[in-house]
Amino acid sequence: MTIGVYLNVRRNFQGARLGLDSPRQVERWRNVYLGFRKRIEHGELRPGDTLPTLARLADQHGLTCHGARKVMARLRDEGRVESWQGVGHRVSEKRITYRIDDRPRFNKNLARLGQRGDTRLLATRFIGLPARFADPMDLRPGTRVVQTEVLRFVEGRPLVLSRSFFPADRFEGIEVALAETQSVTKALATFGVSNCERTRTSVETRLPSAHEALQLEIPSNQPVLVTTGRNIDGSGLVVELSYSVSRGDAVTIEI
């Protein structure tokens, strides 16, 4: 073996041991990275789309494991891709900023951002008010209330799962108005509540329940934002308590 060949073999061995790629491999993974970036920018890959595993990426494009990791790391550093344990890599969701003020309006917030929102009524039932919601609603635990559950979409993506509690003695049948109007504000207006005001909002983070993860189409280890808000009418009576679970990867709460 000549000295030149020996040095080249030694250099390649050391590079492999250190997890480094040859110049040709560097060029290859950069081209793959640029290809994915272009597809994301042009909308060929949409928010939430699943990307190949590192092993599949390496096999498809002739990359080393190190090169495949570099592709995803570069896209992740740019905010184009996110990764979740047990799920792999996905195209990052476009974040929306939901502003909480004294008159929060879901569709109004989206209109301000130039985005389209839709609401789907999932369930309605009469229940005894859970103890943890009794104080903010100024009601006794177990008081009969109407509970509605709606799923809110932004540009076709499920982003917010909301439960609302209404005093049943005043708003029995509100689920019909909610299904027709797709808006809590408009549904309340059919009962003579022309304007309501948010007087209390709390925000917390936690992991989703199995039901929440299923409806929001997220893995069970992806954090969610939970907001609890109390709305009152002009006379100060509580008309609604909202309990909303939002995707932490796509929603920013602004208070």
Side-chain angles (χ1 to χ4, degrees), residues 98-111 117-154 158-218 224-247 251 253 255:
Y98 188 76
R99 182 178 298 168
I100 303 294
D101 52 27
D102 58 350
R103 287 180 173 82
R105 302 289 185 271
F106 180 73
N107 290 326
K108 182 179 179 180
N109 268 278
L110 295 182
D118 295 298
T119 300
R120 180 188 302 165
L121 179 63
L122 300 181
T124 302
R125 59 178 180 155
F126 290 92
I127 64 170
L129 183 65
R132 59 176 172 156
F133 296 136
D135 180 63
M137 288 197 73
D138 295 333
L139 296 174
R140 296 171 61 89
T143 300
R144 188 167 179 261
V145 295
V146 182
Q147 177 188 292
T148 63
E149 183 177 52
V150 300
L151 187 59
R152 301 187 186 278
F153 296 81
V154 178
L159 293 193
V160 184
L161 181 66
S162 296
R163 299 179 185 91
S164 290
F165 303 89
F166 306 92
D169 60 352
R170 184 177 178 185
F171 297 107
E172 186 167 348
I174 194 172
E175 71 279 1
V176 177
L178 183 59
E180 292 176 351
T181 64
Q182 302 293 299
S183 165
V184 170
T185 301
K186 293 178 180 179
L188 287 171
T190 65
F191 285 80
V193 182
S194 59
N195 204 2
C196 61
E197 181 181 353
R198 175 67 61 90
T199 61
R200 183 188 304 180
T201 300
S202 64
V203 182
E204 62 178 309
T205 61
R206 60 169 172 78
L207 294 179
S209 67
H211 173 68
E212 292 162 350
L214 178 65
Q215 294 295 335
L216 295 173
E217 299 179 4
I218 57 175
V224 292
L225 294 171
V226 181
T227 58
T228 304
R230 184 178 77 165
N231 296 319
I232 63 172
D233 63 12
S235 61
L237 296 176
V238 178
V239 294
E240 179 207 11
L241 185 78
S242 64
Y243 184 78
S244 299
V245 180
S246 305
R247 293 180 55 155
V251 177
I253 302 295
I255 299 178

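As a basis for the values below, the full set of heavy atoms in this structure was taken, side chains included, without hydrogen atoms, waters or symmetry mates.
- In this structure the side chain of T228 reaches within 4.5 angstrom of the side chain of L241, judged on heavy atoms.
- Salt bridge absent: R120 and E149 never bring a charged side-chain N and a carboxylate O closer than 4.0 Å.
- A 4.5 Å side-chain heavy-atom check between C196 and L188 finds at least one atom pair inside the cut-off.
- Salt bridge status for D233 with R170: present, with a side-chain N to carboxylate O gap under 4.0 Å.
- A 4.5 Å side-chain heavy-atom check between F165 and E240 finds every atom pair outside the cut-off.
- Using modelled atom types, no side-chain atom of R163 and backbone atom of S242 make a donor-acceptor pair closer than 3.5 Å.
- Taking all atoms of both residues into account, the shortest heavy-atom contact from V238 to P136 is CG2-O, 3.8 Å.
- Atom CZ of R198 and atom CZ of R230 lie 10.5 Å apart (nearest 0.5 Å).
- One distance of note links CZ of F171 with CG of L178; it measures 12.5 Å at 0.5 Å rounding.
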Between Q147 and F126, is a side chain to side chain contact (heavy atoms under 4.5 Å, CB included) present by the stated rule, with each step listed? CA-CA 6 Å; Q147 177 188 292; F126 290 92; over 6 Å; no

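- Considering only heavy atoms from C-beta on, I174 comes within 4.5 Å of F191 through its side chain.
- Once rounded to the nearest 0.5 Å, the distance linking OG of S162 with CG of L151 reads 8.5 Å.
- The line from CG of L122 to CG of L161 is 6.5 Å long, rounded to the nearest 0.5 Å.
- Nearest heavy atoms, P158 versus R247: O-CD, 3.1 Å.
- Atom CD1 of I127 is separated from atom OG1 of T143 by 11.0 Å, given to the nearest 0.5 angstrom.
- In this structure, N231 and E197 have side chains that are not in contact, with every pair of non-hydrogen atoms separated by 4.5 Å or more.
- Here CG of L121 is found 11.0 Å from CD of E180. Values are rounded to the nearest 0.5 Å.
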Would you be so kind as to tabulate the donor-acceptor pairs closer than 3.5 Å made by side chains of residues 202-210, with sequence neighbours excluded?
from	atom 1	to	atom 2	distance (Å)
R206	NH1	E212	OE1	2.9
R206	NH2	E212	OE1	3.4
R206	NH2	E212	OE2	2.9
R206	NH2	Y243	OH	3.3
S209	OG	E212	N	3.1
S209	OG	E212	OE1	3.4

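- Using a 4.5 Å cut-off on side-chain heavy atoms (C-beta onward), V160 and V245 make no contact.
- In this structure, the side chains of F166 and V145 stay at 4.5 Å or more apart for every pair of heavy atoms.
- Nearest heavy atom pair, residue V184 against residue R152, reads CG2-NH2, 4.1 Å.
- Checking E175 against T148 by side-chain atom types alone, no donor-acceptor pair falls below 3.5 Å.
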